[in-house]
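Reviewing the structure listed below.
Index from 1, following the sequence. These values consider heavy atoms only, across backbone and side chains, with no hydrogens, waters or symmetry-generated copies.
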Amino acid sequence: MKVLTLLCCLLLLTGNVRGGASPHAAPVVNEVLATQVALDRSGFSPGEIDGRAGRNLQRALTAFQGSHQLPATGRMDDETWKQLAATAGDVPPLVDYTTTDADVAGPFTSNIPPKLEDQAALDALNYRTPLEALGERFHSSPALLQQLNPGATFQHAGERLKVPNVISSSGTQAAAASPSGNITVVVTKSTSALTIEDPTGRVLFHAPVTSGSTHDPLPIGTWKVNGVQRNPKFHYNPELFWDATPGDRKATLQPGPNNPVGIVWIDLSKPHYGIHGTPEPSNIGHVESHGCVRLTNWDADRVAQWVRPGTRVEFRE
């Protein structure tokens, strides 16, 4: 059976995503979206799920192939899809979800100023809207959720939505793992990727990252995890930022998913460096950082489930 036929079997369950859908179009999905969801469920994250092919998807697919003894081409083929579908659970890429009172109750922080000093005046850095919160819950761009659900307001409980199937039947995030055995976290500058590897070098988990810049290059070397802090405060020190505005003062920003380090901080033995989340998941793998390793909030959470104090961390070229 050809890969296109295999994909079509999936797509028949949900339709087909096309840009510019009318308000009355049926919720739909394409093969790229199906692949993104299957990779996410398998622990080979494509980053933000948006239904578009790109470098993050290709790198995740390459990592998955290499981990499963398949030719690491970064392209879909029959054997890759069969293995991917089996690993992901052979489930439909979209599922129904009905919004709840909790989804729309907040609290939300609708107006987050761009300057960190101004953000420090806020008592929390929550999601801006229910749509943004739902996007993170289902590892998706808000634009994709709007495209899948034309006419939905994302403001009221009881709305029936189509969402990417990244939540297991037990209600937990698919492919989240707990620490087991001797693992190493590897961040590779050339591929903008974080991998978790077993002692043989086999990749157990993959996610795209943003890691350093020409001004703040990734500190190549071997480090270790000091600890994990969830819902961290962010302590802004302009002396550590090359692009800080003259006159900026130190400031402490309150926790929340729109905090500059997101929902989790994995502290490293390299002073001032960590692995953390982000308020801008669409930028992961595409832009530079201030030296730390930045992932989507959901991928940072999954990495935090793998590591413990003393876990080896390697930064490679």
Item to complete: Report whether Val186 and Trp306 are members of the same hydrophobic cluster (ILVMFWY, side-chain heavy atoms less than 4.5 Å apart, transitive linking).
Response: no
Worksheet item: Would you say Leu148 and Leu94 make side-chain contact, with heavy atoms under 4.5 Å?
Response: yes
Worksheet item: Aromatic rings Phe64 and Phe44: how do their planes relate, parallel, tilted or perpendicular, breaks at 30° and 60°?
Response: perpendicular
Worksheet item: With side chains defined as the heavy atoms from C-beta onward, is the minimum distance between Leu161 and Phe138 less than 4.5 Å?
Response: no
Fill in: Under 3.5 Å: donor-acceptor pair, side chain of Asn259, backbone of Pro232
yes
Worksheet item: Does a side-chain heavy-atom distance below 4.5 Å link Ile112 with Gln119?
Response: yes
Discussion item. Quick check against the 3.5 Å criterion: does Ser269 have a side-chain atom that pairs as donor or acceptor with the backbone of Lys224?
Written reply: yes
Worksheet item: Any donor and acceptor pair, going by atom type alone, linking the side chain of Gln65 with main-chain N or O of Arg75 inside 3.5 Å?
Response: yes
Worksheet item: How about Thr87 and Gln83: does a side-chain donor come under 3.5 Å of a side-chain acceptor?
Response: yes
Worksheet entry | Steps toward side-chain contact (heavy atoms from CB on, under 4.5 Å) verdict (Val185, Thr311) | CA-CA 8 Å; Val185 177; Thr311 295; 4.1 Å; yes
Fill in: Whether over 12 other heavy atoms sit under 6.0 Å from Arg230 CZ
yes
Item to complete: First locate atom OG1 of Thr99, then atom CG of Leu131, and finally report the distance between them rounded to the nearest 0.5 Å.
Response: 11.5 Å
Discussion item. Ignoring hydrogens and geometry beyond distance, is a side-chain donor-acceptor pair present between Asn149 and Glu159 at under 3.5 Å?
Written reply: no
Discussion item. Quick check: do Leu84 and Met76 have side-chain heavy atoms less than 4.5 Å from each other?
Written reply: yes
Worksheet item: If you look at every heavy atom in Pro113 and Asp118, which pair is closest and at what distance?
Response: CG-CB, 3.6 Å
Worksheet entry | Verdict with reasoning, Ile284 to Arg294, per side-chain contact (heavy atoms from CB on, under 4.5 Å) | CA-CA 7 Å; Ile284 295 301; Arg294 187 185 307 167; 3.6 Å; yes
Worksheet item: With a 4.5 Å heavy-atom cut-off, do Pro208 and Ser45 have their side chains touching?
Response: yes
Discussion item. Check Asp40 with Arg302, please: is the shortest side-chain N to carboxylate O separation under 4.0 Å?
Written reply: yes
Fill in: For Gly285 against Asn56, the heavy-atom pair lying closest together
CA-OD1, 3.9 Å
Worksheet item: Nearest heavy-atom pair of Gly66 and Ala72: which atoms, and what distance?
Response: N-CB, 4.3 Å
Worksheet item: To the nearest 0.5 Å, how far apart are CZ in Arg202 and CD in Glu197?
Response: 11.5 Å
Item to complete: Taking the side chain as every heavy atom from C-beta outward, state whether Arg59 and His206 have any atom pair closer than 4.5 Å.
Response: yes
Worksheet entry | Hydrophobic cluster identity match, Phe108 and Phe154, side-chain contacts under 4.5 Å | no
Worksheet item: Nearest heavy-atom pair of Asn297 and Gly277: which atoms, and what distance?
Response: OD1-CA, 3.3 Å
Worksheet entry | Cluster check Val313, Leu204: I/L/V/M/F/W/Y, side chain < 4.5 angstrom | yes
Worksheet item: Please walk me through it: do Arg137 and Tyr97 pass side-chain hydrogen bond (donor to acceptor under 3.5 Å, both in side chains)?
Response: CA-CA 11 Å; Arg137 178 170 184 173; Tyr97 178 77; 2.9 Å; yes
Item to complete: Calculate, to the nearest 0.5 Å, the distance between atoms CG and CG belonging to Asp267 and Asn226 respectively.
Response: 4.5 Å
Discussion item. Thr195 vs Thr184, test: side-chain contact (heavy atoms from CB on, under 4.5 Å). Steps then yes/no.
Written reply: CA-CA 8 Å; Thr195 53; Thr184 300; over 6 Å; no
Worksheet entry | Test item: side-chain donor near acceptor, Asn126 and Thr109, under 3.5 Å | yes
Worksheet item: Are Ser141 and Glu48 close enough, and set up right, to give a side-chain hydrogen bond (donor to acceptor under 3.5 Å, both in side chains), and what steps lead you there?
Response: CA-CA 6 Å; Ser141 69; Glu48 186 177 65; 4.7 Å; no
Worksheet item: Quick check: does any side chain N or O of Thr278 sit under 3.5 Å from a backbone N or O of Glu280, one acting as donor and the other as acceptor?
Response: yes
Item to complete: Report yes if the side chains of Ile263 and Trp298 come closer than 4.5 Å at any heavy-atom pair, otherwise no.
Response: no
Worksheet item: In Å and rounded to the nearest 0.5 Å, what is the CD to NZ distance from Glu317 to Lys189?
Response: 5.0 Å
Worksheet item: So, for Gly74 and Thr62, which heavy atoms are closest and what is the spacing to 0.1 Å?
Response: CA-OG1, 3.0 Å
Discussion item. Listing request: all salt bridge (charged side-chain N to carboxylate O under 4.0 Å, His left out) pairs with a residue in residues 121-130, at least two apart in sequence or in separate chains.
Written reply: Arg128-Glu132
Worksheet item: Is Leu194 close to Asp299 at the side-chain level, that is, under 4.5 Å between some pair of heavy atoms?
Response: no
Practice prompt. Under the side-chain contact (heavy atoms from CB on, under 4.5 Å) rule, what do Val264 and His276 come out as? Steps first, then yes or no, please.
Written response: CA-CA 6 Å; Val264 64; His276 61 84; 5.8 Å; no
Response to the item:
Taken to the nearest 0.5 Å, the spacing of Gln229 CD from Lys233 NZ works out to 9.5 Å
Worksheet item: To the nearest 0.5 Å, how far apart are CZ in Phe315 and CD1 in Ile220?
Response: 8.5 Å
Practice prompt. Could you tell me which non-hydrogen atom of Gly227 sits nearest to which non-hydrogen atom of Pro309, and how far apart they are?
Written response: CA-CG, 4.4 Å
Worksheet item: Backbone N or O of Gly51 within a donor-acceptor pair of the Gln36 side chain at under 3.5 Å?
Response: yes
Worksheet entry | Val104 reachable from Tyr127 in the ILVMFWY side-chain graph, under 4.5 Å edges | no
